[in-house]
Amino acid sequence: MTTKFGKGCHLHLIDGSAFIFRAYHALPPLTRKSDGLPVGAVSGFVNMLQRYVEGNTGPDAATHVAVIFDKGSHTFRNDLYDQYKANREAMPEDLRPQIPLTRTATKAFNIACEEIEGFEADDIIATLSHQARDAGGRVTIVSSDKDLMQLVGDGVEMLDPMKNKRIDRDGVAEKFGVGPDRVVDVQALAGDSVDNVPGAPGIGIKTAALLINEYGDLESLLDRAGEIKQPKRRQTLIDHRAQIELSKTLVQLDCAMDLPFGLDDLEIRDADPDVLMGFLAEMEFRTVTKRIAEKLGVAPPVIEAAPVAEVAAPEAVPFDPEKYECVADAAALDVWITRIRERGYVAIDTETTGLNEMIADLVGISLCVEPGQACYIPLTHKAASSDDLFGSDDIAAGQMDFETCLAMLKPVLQDPAILKIGQNMKYDAKIFARLDIAVAPIDDTMLMSYAMNAGLHNHGMDTLSDRYLAHTPIPIKPLLGTGKSAITFDRVPIEKAVAYAAEDADITLRLWQQFKPQLHVKRVTTVYETLERPLVPVLAQMERHGIKVDRDTLSRMSNAFAQKMAGLEAELHEMAERPFNVQSPAQVGEIMFDQMGFEGGKKTKTGQWSTPADVLEDLATEHDFPARVLDYRQLQKLKSTYTDALQEHINAETGRVHTSYSIAGANTGRLASTDPNLQNIPIRTEEGRRIREAFVAEPGKVIVALDYSQIELRILAHIAGIDALKQAFLDGIDIHAMTASEMFDVPLDEMTPEVRRQAKAINFGVIYGISGFGLARNLRIPRGEAQGFIDRYFERFPGIRKYMDDTVGFAKEHGYVQTLFGRKINTPEINAKGPHAGFAKRAAINAPIQGTAADVIRRAMVRMPAAIDTLPAKMLLQVHDELIFEVEAAAVDDLIGIARDVMENASDPAVKLDVKLAVDAGQGANWAEAH
DNA sequence: ACGCTCACG
DNA sequence: GACGTACGTGAGCGTA
């Protein structure tokens, strides 16, 4: 039956991984009806195989064929160079389970399916094509991967399955400028950003081909590099010789592997209809099964209209607090752990003594594996006491031992094969981290909702349960009380706690079941998996670390402010000729506009006089009173919000301040910082800026701050495609001065600060969705003049107007806008009538810019811990476009180098920005010096 | 609880 | 033609 492979034979080698990824990205995220298994990529893969089989006729038909796959992520190339393919984004989670199914599919078609641990598919393909060529046969490599082009020639060709185009020697020469035998030389020089092959900096394929053609081959070129005329190019090749040689070994395919099979094993075989139909039926593919059955001339198998799983639809199981179990001993917990291990996932929630996860203690844990079936494990509830209003300090009966419980749960919480599902998992993960338990892997329903529904509503459990489960959760208020008489959760009677706490886990699981498949439908899986979820452990770590704040510095400042304020207050009372509360805008307005008779006062919608800073500033040019009020207000702000309140936030144990970041707070993707907010520490005035002196490094360490320079304007230049802006960033020109020069026809070297200031205001205005009124108010110029500026700006940069119009149009059509990384920000008000409309439009214009910048720094933050792993450095804070680190003095330069690199390249490889990102760095003993 | 004001990017 | 208007946040205070 088998014929010896040789002359007249034609071997087809199919690049299986390329098929899989193309199938995955080409198809919507289908799931198998009966159990929700993701099968979109498998379906696409099967279709491609079938189309291949159907098309395998005529003069180029194969006699032998194999589909070759990659196996394992670590290959001999990683041993040579640990950064090899390090840029690769992680495999999407819904693709992973489909990988083995593509092997099964290949075998079901009765096509040889080959993979070898530690080797890339490319190496196997190289080895097989050499063997086939040496035996005198023809080879067609079905792939469009340029890394395989080195194999072309002597009867070996490639076939791009998308374009159905054959690539021979000429095709390779067209692509690389050299013949197939010199392709690796060109690749070694040009490098490859996709595979992270370094190559020679500044040399691309064009230059590389030029050099190789001139010197013959890479070795001669490197030996004779000194002869190159261009000084920069010459130096690059001399300096990077080792790196270039390494690159060559990385791109050179191994064509002499020992293979545990031979060419003869790859002879084409007909599929066994039973096996193939069986597989297709199991996958529940209806259309393709029917088509293949027709081709094979067999009856298609009956695919049952799926019985909708044992997992009931969310609304099918009513919420019933009676059903929740109280777990009070190891035996009962063991039953739950077994159920969790069977499932592979668990919804979890912790109850604690407070909301501050740096201080709060664990009180109990709830678990849920199936809607309606949840338990609560009380651990440290206090016993009730009849004679004492506040209860006793004795531990209540009917609880399992704290340590025993944690010892049992720890392996589950840390098991990489068990998914832990939570609502706002950062909170629970921090509680567990303090107990030395690293919870992973996780899913977070709050973040899922945020990825899908940002802009529509908030993402708290109450909101989500109401909206998506039509169920109002048991409120916590009646359990804890309010105000002074409020109690902590450990004082809640256990039976009440069970009903409340277990329900939270139940709700979380039901939300997860609903949200998980929706992520695909809404096309935000990647956003969730790369921008939301991975931030949880990163932020948890930063928050737990905190930043050292020097109490004495704050305290001294506070006293100084208090003295000055007392003086100002006396002065103001004298001017008003009566005592009044300077902190009351209503009273200040009364004195100025009623008593003193100042002109130009406006009232707020509540009817009281409005006294914001800009109004007072205008009045201050004529009068002392508003000037003193402004002085007083500034001091009051600094004292109450910063020097006083910050001291309250210094953790007694750590001596540091631990903010909490909300990941799903801001609609645009920005983080928000609370308790305390460390994203609004003063800097704009000298007096306020000194508060940053209180944020200090430990002895021997240094505070380092790195911030993106003009990131939003750079992103605007990219998104709106403004060449003049791009060029200015490329040339490193002062961007506001450039704008001013363009608009007002002033040469750069004659620029005055005043003109530049106006242009700067316009640049920012554009980002915010400019209006003549807003700009006029900001610049304190007549509205007509402001409108003139704007008109002129749009004349000079017509792309900006187009971006604004297009963005609003997109929002009106789709109800959302998007960042470059796919984050969606819903814009439900965009079609509203009336004054709302203006707000919604400007928000829609701003969101993609602000949001893209937020995505960029999120990506940098996700990569940062691994990047600075080897340094004695910690990332402490994020302030929208800035990251703050604490690092041992000796490692400052290393940290700046690495962190800057991560930040500047954060958009790679997902988005290629036309404008480079630039990062400024500062360092010092405290935050004021570092900035 | 809400409005006003003001700190930041 | 009039309406209001820069985008995104959080915190502290006064006032109801």
Side-chain angles (χ1 to χ4, degrees), chain A residues 454-455 482 580-589 603-617 629-630 632-646 648-649 659-662 665-685 687-689 691-692 707-713 716 761-779 783 786-787 790 804 817 825 833-851 853-854 857 877-882 931:
Chain A
T482 54
F580 70 100
N581 187 350
V582 188
Q583 298 190 61
S584 163
Q587 294 181 36
V588 167
K603 293 202 170 174
T604 66
K605 60 183 166 190
T606 53
Q608 63 170 326
W609 288 109
S610 168
T611 64
D614 56 346
V615 170
L616 266 53
E617 275 162 27
V629 172
L630 283 169
Y632 183 93
R633 277 190 185 170
Q634 194 202 355
L635 296 173
Q636 159 66 22
K637 180 78 177 180
L638 295 177
K639 183 171 186 296
S640 68
T641 309
Y642 300 104
T643 55
D644 288 351
L646 266 177
E648 305 296 311
H649 283 283
T659 184
S660 178
Y661 290 99
S662 60
N667 287 338
T668 53
R670 273 196 179 178
L671 301 179
S673 161
T674 64
D675 308 304
N677 182 354
L678 295 186
Q679 291 181 322
N680 70 346
I681 303 301
I683 191 167
R684 292 174 187 171
T685 66
E687 218 160 16
R689 184 193 178 92
I691 288 171
R692 295 187 175 219
D707 68 295
Y708 283 108
S709 164
Q710 308 284 11
I711 187 169
E712 292 195 350
L713 278 174
L716 175 70
I762 298 168
N763 276 333
F764 278 106
V766 164
I767 291 173
Y768 298 150
I770 200 159
S771 78
F773 186 93
L775 183 65
R777 203 179 55 170
N778 190 283
L779 286 176
R783 191 170 160 177
Q787 192 55 54
I790 293 170
M804 295 172 89
V817 292
I825 297 107
K833 295 274 175 284
H836 278 326
F839 280 112
K841 270 189 192 176
R842 291 192 297 272
I845 289 166
N846 174 258
I849 304 168
Q850 187 180 118
I857 198 166
L877 301 175
Q878 187 250 43
V879 190
H880 308 309
D881 64 356
E882 174 186 10
H931 210 281

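Only this structure's heavy atoms are used, side chains among them; waters, hydrogens and symmetry mates stay out. Letters A, B, ... mirror the listed sequences (proteins, then strands); counts begin at 1. Note that this is a predicted model, so its numbers are computed, not measured.
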Base, sugar-phosphate or nothing for [X]? Non-hydrogen atoms, less than 4.0 Å.
X	value
A:Glu882	nothing
A:Asn778	base
A:Phe839	sugar-phosphate
A:Ile683	sugar-phosphate
A:Asn680	base
A:Arg783	base
A:Ala840	nothing
A:Ala853	nothing
A:Gln587	sugar-phosphate

Sticking with atom [atom1], work out how far [N] lies from [M], rounded to a whole angstrom.
N	M	atom1	value
B:dA7	C:dC3	P	32 Å
B:dC2	C:dA6	C1'	24 Å
B:dG3	C:dT5	P	15 Å
B:dC6	C:dA2	C1'	31 Å

Would you say A:Arg684 places a side-chain N or O within less than 4.0 Å of OP1 or OP2 belonging to B:dA7? no

Checking A:Gln850 against A:His880: is there a side-chain donor and acceptor pair closer than 3.5 Å? no

Between A:Gln583 and A:Pro585, what is the shortest heavy-atom contact and its length? O-CD, 3.2 Å

Search all heavy atoms of A:Ile857 against all heavy atoms of A:Gln878 and return the closest pair with its distance. CG2-NE2, 3.4 Å

Just list the side-chain donor-acceptor pairs under 3.5 Å for residues 609-616 of chain A, sequence neighbours left out, or say none.
from: A:Trp609; atom 1: NE1; to: A:Asp594; atom 2: OD1; distance (Å): 3.4
from: A:Trp609; atom 1: NE1; to: A:Asp594; atom 2: OD2; distance (Å): 3.2
from: A:Thr611; atom 1: OG1; to: A:Arg633; atom 2: NH2; distance (Å): 2.6

Heavy-atom contacts under 4.0 Å between residues 768-775 of chain A and DNA chain C, which residues? A:Tyr768, A:Ile770, A:Ser771, A:Phe773, A:Leu775

Give the residues of residues 843-851 of chain A touching DNA chain C, defined as any heavy atom closer than 4.0 Å, sorted by residue number. A:Ala843, A:Asn846, A:Gln850

Sequence-distant partners of [X], side chain to side chain donor-acceptor pair (under 3.5 Å), two or more places apart:
X	answer
A:Thr674	none
A:Asp644	A:Ser558, A:Lys639
A:Tyr642	A:Asn680

Between [atom1] on residue [X] and [atom2] on residue [Y], distance to nearest 0.5 Å:
X	Y	atom1	atom2	result
A:Leu638	A:Thr685	CG	OG1	6.0 Å
A:Ser673	A:Leu678	OG	CG	4.5 Å
A:Asp881	A:Ile711	CG	CD1	7.0 Å
A:Thr659	A:Tyr661	OG1	OH	5.5 Å

Non-neighbouring partners of A:Ala586 that pass side chain to side chain contact (heavy atoms under 4.5 Å, CB included), sequence neighbours left out: A:Ser584, A:Gln608

Can you list the residues that meet the salt bridge (Lys or Arg N to Asp or Glu O under 4.0 Å) rule with A:Glu712, with sequence neighbours excluded? A:Arg670

Between which nucleotides of DNA chain C, read 5' to 3', does contact with chain A run, using atoms under 4.0 Å from its heavy atoms? C:dG4 to C:dT15

So which pairs with a foot in residues 762-777 of chain A pass side chain to side chain donor-acceptor pair (under 3.5 Å), sequence neighbours left out? A:His736-A:Asn763, A:Thr739-A:Asn763, A:Asn763-A:Tyr793

Intra- and inter-strand pairs of DNA chain C in dot-bracket (Watson-Crick or G-U wobble, both distances under 3.5 Å; | for another strand): ......|||||||||.

Under 4.0 Å from any atom of DNA chain B, heavy atoms only: list the residues of residues 665-676 of chain A that qualify, in numerical order. A:Arg670

